[in-house]
Amino acid sequence: YSELKPFPADFLWGASTSAYQVEGAWNEDGKGPSVIDARREYPEGTTDFKVASDHYHRYKEDIAMFAEIGLKSYRFSIAWTRIIPDGSGEINPAGIDFYHRLIDEILSHGIVPIVTMYHFDLPQALQEKGGWYNRETVDAFARYADVLFDEYGSKVKYWLTINEQNLMILQGAALGTLDEKLVNQKKNLYQQNHNMLVAQAKVMNSLHNKIPGAKIGPAPNIAVIYPATSKPEDILAAFNYNAIRNWLYLDMAARGEYNTLAWRYMEEKGYAPEILPGDMDILRSGKPDFIAFNYYTTQAVEASRGDGTDEVIRGGNKLLKSGEDGVHRGAANDHLPRTQFGTEIDPVGFRNTLREIYDRYHLPLLITENGLGAFDKLDENGEINDDYRIDYLRRHLEQMQLAITDGVEVFGYTPWSALDLISTHQGCSKRYGLIYVNRDEFDLKDLKRIRKLSSYWYADVIKNNAL
Ligand code: BG6
């Protein structure tokens, strides 16, 4: 381009966290246990989520620091188990009160709150009754949503339904959605998926009815799938995996229909969910105002060999590539460098993903996560020189600006994460924050907050509304 389009004037520059990864206070003030609290095993050498970054007690200090950086928005999640401890029973006034105080604090600094309603932390009491497989969870979620809208609807304009629903289905074993005892696990997962989609449509409708002008959207993890080569069979595999990994979720959220390829895949494999009478009407009626998505990287695939060897590649203990007989086979992308944790880094893939989503749905886009996990070190001067994170963020923002110049409508960017927190898969040594939290896996130290170099760089980007 001879000239780049500027970022929109009211662009929601922000940063992101989720409740269980940052709050701690896992059993305080009437909070019920979630599936995260009930989790017993952690990868060797990594901590649990009991104290996390102690944000529950230090939120004022944290939000003051977000304001110092100049954040215009803050994306966080509400813990369902603070609001309704067992998911469907009594409402917990102390939980309601905490999020009022948190939201008021955010607003008092002129920061726009963006609320995720559910970020992996299903109430354990619901899980014990079958979790999302049980249709009662749909009603429980709709009721929980109504409580949130009634309480906070006058203060919060932007709502996100379910964080990374697609990864909860695709990586059920890692994210606690999979019931190991079941024989046909995938069929169970795709029924959970259907039920979540119905729940999502219901709450999008409910917000629109209750709070005119409020906005709501899904927040999956989208990674466009590349064919490993120009071989037509590899392209076919990429179409297959794009349908199963990405479009199944967004076609339903945005168009109210099952993606054709994904539906045929589920039928063929015996995973197709049961659709109750009335479900399709609900699904068609739910209309998002925008699409939010988390972007970390793209994925490459090649044709399945169909011989049972389509491999599974793990980075650390995270599933990076997976294959499925007759559908696709995961492939490494040799054109891309990797993070210390093995995740491929693909800034141009970010532009590709933005273009692809906008082209399909023509809805405004919000990037709810993007970021670099690294072993940051506090140096002898008490500083954290994370220039590699600056490089990562800058390269992604350059591509985002190119996408905006391409004509893609983007209205906000909330990278992962506002401050250091406990990684979903790899403890607290895998740090993503703009702000350092002084603790180790098992030594809580003083939990002091220290701005990393990246936070100063990001502050300039926000101030100038330019790179
Ligand atoms: C997303 C999640 O999957 O990626 C976050 O929404 C998570 O909860 C983030 O922390 C990074 O993944 P990880 O495993 O490195 O923490």
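Just follow the structure's listing: the first ligand is 1, and inside any ligand the first atom is 1.
Residues forming a salt bridge (Lys or Arg N to Asp or Glu O under 4.0 Å) with Arg389 (at least two apart in sequence, or on another chain): Asp376, Asp386. Considering only residues two or more places apart in sequence or on other chains, Asp460 meets the salt bridge (Lys or Arg N to Asp or Glu O under 4.0 Å) condition with Lys463.
Residue contacts with ligand 1 for Asn163 involve side-chain atoms from C-beta outward but no N, CA, C or O (heavy atoms, distance under 4.0 Å).
Taking only non-hydrogen atoms, the option from Gln426, His425, Glu369, Glu164 nearest to atom 3 (O) of ligand 1 is Glu164.
Screening Lys157, Lys287, His208 for a side-chain contact (heavy atoms from CB on, under 4.5 Å) involving Ile216 leaves a single residue, His208. When each of Ile450, Thr17, Leu434 is tested with Leu419 by the rule side-chain contact (heavy atoms from CB on, under 4.5 Å), just one qualifies, namely Thr17.
With Asn259 contributing its side chain and Asp251 its backbone, the two residues share no donor-acceptor pair below 3.5 Å.
Rounded to the nearest 0.5 Å, atoms CD (Gln340) and CZ (Arg431) are 12.0 Å apart. Of the inter-residue distances, the one linking Glu441 atom CD with Cys428 atom SG reads 4.0 Å to the nearest 0.5 angstrom.
By the 3.5 Å distance cut-off applied to N or O atoms, Ser18 is not counted among the residues near ligand 1.
Distances below 4.0 Å separate heavy atoms of Ser423 from the following atoms of ligand 1: 13 (P), 14 (O), 15 (O), 16 (O). Taking every non-hydrogen atom of Gln21 and a distance limit under 4.0 Å, the qualifying atoms of ligand 1 come out as 5 (C), 7 (C), 8 (O), 10 (O). Close approach of ligand 1 to His119 (heavy-atom distance below 4.0 Å) involves ligand atoms 2 (C), 5 (C), 6 (O), 8 (O). Near Phe120, meaning under 4.0 Å from any of its heavy atoms, are these atoms of ligand 1: 2 (C), 8 (O).
Taking a 4.0 Å cut-off on heavy atoms, Asn294 registers as neighbouring ligand 1. Within the structure, ligand 1 has Tyr432 among the residues with a heavy atom less than 4.0 angstrom away.
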